[in-house]
Visitor: 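Quick one: the structure is below, questions incoming.
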Amino acid sequence: MSPETTFDAVIVGAGAAGMMCGRTAGQRGRKVLLLERSPKAGRKILISGGGRCNFTNLRVEPGNYLSDNPHFCKSALSRFTPLDFIHLVEKYGIAYHEKTPGQLFCDDRARRIVDLLLAECKAGGCIIKTGCAVRRIEKKNTFSVQTDSATYTAASLVVATGGLSYPETGATGFGYEIAEQFGLAVIACKPALVPLSYRSADRKRYGSLSGISIIAAVSTGGTTFTDAILFTHQGLSGPAILQLSSYWTPGRPITLDLLPHLRLDEAILKWKSERPKAELKTLLKEHLPERLAHRFLDLHGPSRPVRQLTERDGAALARIFHHWQIQPGGTEGYGKAEVTRGGIDTRELSSKTFESLKVPGLYFIGEVLDVTGWLGGFNFQWAWASGHCAGLFV
Ligand SMILES: Cc1cc2nc3c(=O)[nH]c(=O)nc-3n(C[C@H](O)[C@H](O)[C@H](O)COP(=O)(O)OP(=O)(O)OC[C@H]3O[C@@H](n4cnc5c(N)ncnc54)[C@H](O)[C@@H]3O)c2cc1C
């Protein structure tokens, strides 16, 4: 076998996790090949965080991750922390800022993070071949990795193929196919961090609110997020809805408190004594966008001078604005989802090395695993941490 086709480790996928793994393994002196089907490495990083890459979060906790095996992520997250990645960012002189508390973004372009990873891979002598899709894997003593143009062999195979979201960035289900080929369980996948769409009757009722953004408390099944929501033509989006989507079960309703910082029943009592002649819609306009207040009053009860409102009316209005219940028709799918929930069952792997417990030499890292972070830099931190930790062992 010629030396160019034999490696200590072949990594499938040059995204966030794959490059991090290649860098760590290469800098340990391992001979590493990274194979990427897209023409460029790190395409998802380039479009992340609105082009500025929310590369980590200062407040990473295991509780920010969803998984059928919630303890699995703890070890890697504690061994490669946000500060470890920040050190790398500072080593390359990349300017960054904290946006929403804890969320760190590049000051200029996400490209800087990809350049950092490429430079780190180069420093470790890790070879990256782009435009090189892996088609088939076989295992005898070593792994045989087939692309359209060559076959490579390696003692370790790392699957870093990511999730199914944003297919235009190169996402494929190949990682799940490899898991199935080797008999590893896969937890059912679904789009997460994704806008929720209306059922058709609700689209008629609320579609005209498109473009309105407010702070709301959104809940489903006992989980609540308070943050911005955005009304769209198709449904509901914005950070609070994206977060909730990861917890939402199809067929279940979600509940929205559209006035989380006001007790409407108490406010009505106050208005009745202080401004009895004022119309409800005029008063609500001080707390909600006019279009939203009017639409909800049109749909759920006409506006009147507040002095005419009974205690019962007050309670009914509080229910409408604090407990707006809606049943989403679905999500906007993988085309609009930031991540994939589900993936390779982590009970199949060592939480220290990321190696399969059944198949020696086979590793899985990053989003392909059943570990899904919240919005806000948590998914990249998982990619860095899992990639780095596996890179210490391949
Ligand atoms: C629009 C958008 C914005 C986001 N913004 C943020 C953010 O700001 N902060 C954050 O923390 N997270 C963000 N995320 C999520 C984050 O990008 C992912 O969680 C992260 O990139 C996962 O890293 P990964 O290496 O596991 O997978 P990926 O980065 O998806 O990399 C997987 C790679 O494998 C390659 N591949 C697949 N199949 C094959 C094959 N057969 N052969 C060869 N190569 C293959 C793919 O082309 C891809 O390059 C965002 C996601 C999206 C879609």
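Both counts, for ligands and for their atoms, begin at 1 and track the order of listing. If you read the sequence from its start, that first residue is 1, and numbering goes on from there.
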Visitor: Strictly under 6.0 Å, is that where the ring centroids of Y65 and W374 end up?
Guide: no
Visitor: Can you name the atoms of ligand 1, numbered from 1 with element, that are less than 4.0 Å from a heavy atom of G377?
Guide: 9 (N), 10 (C), 11 (O)
Visitor: Kindly say whether L256 contributes a backbone atom to a donor-acceptor pair with the side chain of Q325 at under 3.5 angstrom?
Guide: no
Visitor: State, with a plain yes or no, whether a side-chain heavy atom of V159 is found less than 4.5 Å away from one of L362.
Guide: yes
Visitor: Heavy atoms only, cut-off 4.0 Å: how does L35 contact ligand 1, side chain, backbone, both, or neither?
Guide: backbone
Visitor: Measure the distance from atom 4 (C) of ligand 1 to every protein heavy atom, then report the residue, atom name and distance (to 0.1 Å) of the closest one.
Guide: E338 OE1, 3.5 Å
Visitor: Report yes if some N/O of A16 lies less than 3.5 Å from some N/O of ligand 1; otherwise report no.
Guide: yes
Visitor: Using distance alone, determine whether T172 and ligand 1 share an N or O pair under 3.5 Å.
Guide: yes
Visitor: Considering the heavy atoms of G13, write down every atom of ligand 1 situated less than 4.0 Å from one of them.
Guide: 33 (C), 34 (O), 35 (C), 44 (N)
Visitor: State if T169 counts as touching ligand 1 under the rule of any non-hydrogen atom under 4.0 Å.
Guide: yes
Visitor: Give the atom numbers and elements of ligand 1 that come within less than 4.0 Å of a heavy atom of E367.
Guide: 18 (C), 19 (O), 20 (C), 22 (C), 26 (O)
Visitor: Which bit of F380 gets closer than 4.0 Å to ligand 1, counting heavy atoms only: side chain, backbone, both or neither?
Guide: both
Visitor: Measure up the W324 and F231 rings against each other and bin them: parallel (under 30°), tilted (30 to 60°), perpendicular (over 60°).
Guide: parallel
Visitor: What are the atoms of ligand 1, with element, lying closer than 4.0 Å to any heavy atom of G366?
Guide: 26 (O)
Visitor: Take every heavy atom of E36, measure it against each atom of ligand 1, and state whether any distance is under 4.0 Å.
Guide: yes
Visitor: Do me a favour and list the nearest non-hydrogen protein atom to atom 27 (O) of ligand 1 with residue, atom name and distance?
Guide: G162 CA, 3.3 Å
Visitor: Would you say CD of E168 has more than 12 non-hydrogen atoms from neighbouring residues, nucleotides or ligands within 6.0 angstrom?
Guide: yes
Visitor: Quick one: look at W382 and ligand 1, take heavy-atom pairs under 4.0 Å, and tell me if it's side chain, backbone, both or neither.
Guide: neither
Visitor: Starting from atom 6 (C) of ligand 1, find the nearest protein heavy-atom neighbour and note its residue, name and distance.
Guide: S48 CB, 3.6 Å
Visitor: May I ask you to test the L88-D84 pair for a side-chain heavy-atom distance under 4.5 Å?
Guide: no
Visitor: Under 3.5 Å, N or O to N or O, is F174 touching ligand 1 that way?
Guide: no
Visitor: Which protein non-hydrogen atom lies closest to atom 42 (N) of ligand 1, naming both residue and atom, and how far is it?
Guide: V134 N, 3.0 Å
Visitor: Please check this pair: side chain of S213 against backbone of I229, looking for a donor-acceptor N/O pair closer than 3.5 Å.
Guide: yes
Visitor: Show the atoms of ligand 1 that are less than 4.0 angstrom away from any heavy atom in T161.
Guide: 32 (C), 34 (O), 37 (C), 38 (N), 39 (C)
Visitor: Parallel, tilted or perpendicular: which describes the rings of Y206 and Y198, with under 30° parallel and over 60° perpendicular?
Guide: tilted
Visitor: By number and element, which atoms of ligand 1 are closer than 4.0 Å to a non-hydrogen atom of I47?
Guide: 1 (C)
Visitor: Which donor-acceptor pairs under 3.5 Å do side chains of residues 177-193 form with protein atoms, sequence neighbours excluded?
Guide:
from: Q181; atom 1: NE2; to: I137; atom 2: O; distance (Å): 2.7
from: K190; atom 1: NZ; to: W248; atom 2: O; distance (Å): 2.7

Visitor: Regarding atom 39 (C) of ligand 1: of the candidates R37, M20, Q381, M19, which has the closest heavy atom?
Guide: R37
Visitor: So, using salt bridge (Lys or Arg N to Asp or Glu O under 4.0 Å) as the criterion, who are the partners of R43 when residues are at least two apart?
Guide: none
Visitor: Are the aromatic ring centres of F105 and Y96 under 6.0 angstrom apart?
Guide: no
Visitor: Number the atoms of ligand 1 from 1 as they appear, then name those within less than 4.0 Å of a heavy atom of A160, with their elements.
Guide: 32 (C), 33 (C), 34 (O)
Visitor: Are there more than 12 heavy atoms of other residues, nucleotides or ligands under 6.0 Å from atom NE2 of H71?
Guide: no
Visitor: Could you identify the single nearest non-hydrogen protein atom to atom 24 (P) of ligand 1 and state the distance to 0.1 Å?
Guide: A17 N, 4.0 Å
Visitor: I'd like to check which ligand 1 atoms, numbered from 1 as shown, lie under 4.0 Å from a non-hydrogen atom of N379.
Guide: 11 (O), 12 (N), 19 (O)
Visitor: Answer whether the closest heavy-atom distance between the side chains of I268 and K272 falls below 4.5 Å.
Guide: yes
Visitor: Below 30° counts as parallel, above 60° as perpendicular, anything between as tilted: where do the rings of F225 and Y247 land?
Guide: tilted
Visitor: When you compare ligand 1 with N54, is there at least one nitrogen or oxygen pair between them that comes in under 3.5 angstrom?
Guide: yes
Visitor: Can you find an N/O atom of G170 closer than 3.5 Å to an N/O atom of ligand 1?
Guide: yes
Visitor: Within the structure, does G49 bring an N/O atom to less than 3.5 angstrom of an N/O atom in ligand 1?
Guide: yes
Visitor: Tell me if the centroids of the rings in F380 and W384 come within less than 6.0 Å of each other.
Guide: yes
